[in-house]
Participant: 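One structure, pasted below without further comment.
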Amino acid sequence: MKPIYALVDANNFYATCEKIFDPALATRPLVVLSNNDGCIVARSAESKALGIPMGAPIHQWKDFCTEHGVVIKSSNYTLYGDMSSRMLSILQDMCPQVESYSIDESFLNLAGYADPSTYGYLIRQRLQQDIKVTCGVGIGPTKTLSKFANHLAKKNAEFGGVFNTLDHTPEEMNRWMAAYPVSEVWGVGRQLTKRLGVDGIETVLNLARCDGVSIRKRYGIVLEKTVRELRGESCLSFEDVGQPKQQIMASRSFGTTVSDPHAIKAALTHHISRAAEKLRAQQSVCANVYVMLRTNPFREQDQQYRRTTLVPLDHASADTGVLMKAALRGLRQIFVPGLKYHKCGVMLGEIEPAGIQQTDLFAPVDDPKRLRLMSLMDSINKTQGSGTLHLASTQLSAAWQMRAGDRSPRYTTCWDELPIAYA
DNA sequence: TCTGGGGTCCTAGGACCC
DNA sequence: TCTGGGGTCCTAGGACCC
């Protein structure tokens, strides 16, 4: 049976999470900042109404926020992550096939349901009731159409939060597609919008009516799939939850510019620890470690530098110590003294499931005793808080730490930060 | 002063091989 | 004088997503 895709997407997810636990904020405009308190990554409905744009650097909007009483919050991923998994378990309870696409979005397969649209309303109601999260539901025969339907559901109040393309005639759908710019299509970003505009393709309908082959020649295979999906031909399949990641990254900009190699080393060892933890959590090993280092591209007055280097391991590993040694070797290769660095990070590549690597008798493998130590460390860090236990080689240095001035409490995961109700 | 982090997929170009 | 071309692998980088 062909799948029927329902995209369930929470409205203003981060802002909503903040409001749920602090009723005083219920009707106030609110924005949530990125890591490091750099730019605005989420806005409540009231902030959107004030015209605050997504992604804006907060320093350009600080005065505006003060003037209009906008509440500014640092991001609290512990809280959002926990709310996200609650949302996911409700969806999994309501539908056997769920693909978690991002922290606040999932695709569901509603094929076989007697009335997908009605079920969409039920899903919406249940999320509202159980966790106070409002979402939009877009339903269609392809992922790209369900994305577009979701957008229509959110933008047009008359649909009550659910839009199903299958409930509309082709003529009606054409009218909807003609009414929205091509930039609303999933997979069409800024650059493509510009190029398509030059070619006279300005609305969703314009794109849907393009010839697949010529689009492929001019724009590549990705956009060709998008065109076909807009016409109802499914090209992107359903992926079940729990696929192991093929790359694992950990990177962060420094709170300030950093030139001291020891501070960079400290940051890098921290990133490796986090990445290795994620690697072990999905029961994988990796064979490559990429190290990235760069200056701040926004500071045009500074000398610019960015480099990545790949360090292959001599055996696939999930041992923090092994990965750490490789990362530090990479850092020595690309570090240039005297520059003002802004960000560093690591990426683990060539990831495969642990335990099935091809090895011959003489190829080194991870030391099982060390692996038991790692898994013990992981479980303690999981329950007692990240960083409770770490390898001695993980250097502690405050020089590069993030800023997060206005983070709300981790209401749902930390005993010390539970919400308090006064009777 | 202050501009995120994590992920995927595709493509172009160089190196290398036969 | 004339000095291949196609396949594959790797890497870097770009585009997109949220």
Participant: Looking at C:dC18, which nucleotide sits across from it as a Watson-Crick or G-U wobble partner, both distances under 3.5 angstrom, or is there none?
Facilitator: B:dG5
Participant: Within the 4.0 Å heavy-atom criterion, would you say A:Gln246 contacts the bases, only the backbone, or no part of the nucleic acid?
Facilitator: sugar-phosphate
Participant: Could you check whether A:Lys343 gets within reach of a base, just the sugar-phosphate, or nothing at all, counting any heavy atom under 4.0 Å?
Facilitator: sugar-phosphate
Participant: With heavy atoms under 4.0 Å as the rule, sort A:Arg307 into base, sugar-phosphate or nothing.
Facilitator: nothing
Participant: With sugar-phosphate meaning primed atoms plus P, OP1 and OP2, does A:Val185 contact a base, only sugar-phosphate, or nothing at under 4.0 Å between heavy atoms?
Facilitator: sugar-phosphate
Participant: Mind checking if A:Leu310 touches a base, just sugar-phosphate, or nothing, with heavy atoms under 4.0 Å?
Facilitator: sugar-phosphate
Participant: Taking atom P of B:dG4 as reference, at what distance in whole Å does atom NE2 of A:His271 sit?
Facilitator: 14 Å
Participant: According to a strict under-4.0 Å criterion, is A:Arg299 in side-chain N/O contact with OP1 or OP2 of B:dC2?
Facilitator: yes
Participant: Between A:Gln247 and B:dT8, does any side-chain N or O lie under 4.0 Å from OP1 or OP2?
Facilitator: yes
Participant: Rounding to an integer number of angstrom, what distance separates C:dC18 and B:dT3 when you compare their P atoms?
Facilitator: 24 Å
Participant: Over 60° means perpendicular and under 30° means parallel, so tell me whether A:Tyr77 and A:Tyr14 are parallel, tilted or perpendicular.
Facilitator: perpendicular
Participant: By nearest nucleotide on DNA chain B, pick out whichever of A:Thr257 and A:Ser251 is the more 5' one.
Facilitator: A:Thr257
Participant: Can you name the one residue among A:Glu105, A:Glu99, A:Glu229 that meets salt bridge (Lys or Arg N to Asp or Glu O under 4.0 Å) with A:Lys143?
Facilitator: A:Glu99
Participant: In terms of side-chain geometry, is the basic nitrogen of A:Arg86 or A:Asp82 positioned less than 4.0 Å from the acidic oxygen of its partner?
Facilitator: yes
Participant: Counting just side-chain N and O atoms, does A:Thr308 come under 4.0 Å of either OP1 or OP2 of C:dT11?
Facilitator: no
Participant: Rounded to whole angstrom units, what separation is found between the CD atom of A:Gln191 and the C1' atom of B:dT11?
Facilitator: 15 Å
Participant: Between A:Thr295 and A:Asp302, do the side chains contain a donor N or O and an acceptor N or O under 3.5 Å apart?
Facilitator: no
Participant: For A:His342 and B:dT3, is the shortest distance between a side-chain N/O and OP1 or OP2 below 4.0 Å?
Facilitator: yes
Participant: Scan A:Ile58 against the nucleic acid and name what it touches under 4.0 Å (heavy atoms): base, sugar-phosphate only, or nothing.
Facilitator: nothing
Participant: Among B:dT8, B:dG4, B:dG6, find the nucleotide with the atom closest to the side chain of A:Phe298.
Facilitator: B:dG4
Participant: Starting from P on B:dT3, measure out to CD on A:Gln301 and report it in whole angstrom.
Facilitator: 11 Å
Participant: Mind calculating the distance between OH (A:Tyr80) and P (C:dC18) to the nearest angstrom?
Facilitator: 18 Å
Participant: Do A:Thr142 and A:Arg228 pair up side chain to side chain, a donor and an acceptor below 3.5 Å, judged on atom types alone?
Facilitator: no
Participant: Would you kindly give the CD-to-P distance between A:Glu184 and C:dC16, to the nearest whole Å?
Facilitator: 14 Å
Participant: State which of B:dT3, C:dC18, B:dG7 makes the closest approach to the side chain of A:His59.
Facilitator: B:dT3
Participant: Please check the phosphate of C:dG13 (OP1 and OP2 only) for any side-chain N or O of A:Arg306 closer than 4.0 Å.
Facilitator: no
Participant: Report which part of the nucleic acid A:Ala56 touches: base, sugar-phosphate, or nothing (heavy-atom distance under 4.0 Å, all strands).
Facilitator: nothing
Participant: Assess the side chains of A:Asn76 and A:Ser408: does a donor N or O sit below 3.5 Å from an acceptor N or O?
Facilitator: yes
Participant: Expressed in angstrom and rounded to an integer, what is the separation of A:Ile334 atom CD1 from C:dA12 atom C1'?
Facilitator: 14 Å
Participant: Let's see if you can work this out: which of B:dG7, B:dG4, B:dG6 has an atom nearest to the side-chain heavy atoms of A:Arg252?
Facilitator: B:dG6
Participant: With distance as the sole test, does A:Glu184 use its side chain to make a donor-acceptor pair with the main-chain N or O of A:Val204 at under 3.5 Å?
Facilitator: no
Participant: Mapping A:Pro57 and A:Glu239 onto DNA chain B by nearest heavy atom, which one lands closer to the 5' end?
Facilitator: A:Pro57
Participant: Can you tell me the distance, in whole Å, between the CZ atom of A:Phe107 and the C1' atom of C:dC18?
Facilitator: 11 Å
Participant: Mind listing the residues from residues 206-229 of chain A sitting with a heavy atom below 4.0 Å of DNA chain C? Number order is fine.
Facilitator: none
Participant: Of A:Lys343, A:His270, A:His271, which meets side chain to side chain contact (heavy atoms under 4.5 Å, CB included) against A:Arg252?
Facilitator: A:His271
Participant: Indicate whether OP1 or OP2 belonging to C:dC18 is found under 4.0 Å from a side-chain N or O atom of A:Lys147.
Facilitator: yes
Participant: Rounded off to whole Å, could you give me the CD-to-P distance for the A:Gln304 and B:dT3 pair?
Facilitator: 13 Å
Participant: With no hydrogens and no angle check, do the side chains of A:Thr203 and A:Asn206 hold a donor and an acceptor under 3.5 Å apart?
Facilitator: yes
Participant: Any idea which of B:dG7, C:dC18, B:dG5 is nearest the A:Glu105 side chain?
Facilitator: C:dC18
Participant: Of the candidate nucleotides C:dC18, B:dG5, B:dC2, which contains the atom at the shortest distance from the side chain of A:Trp186?
Facilitator: C:dC18
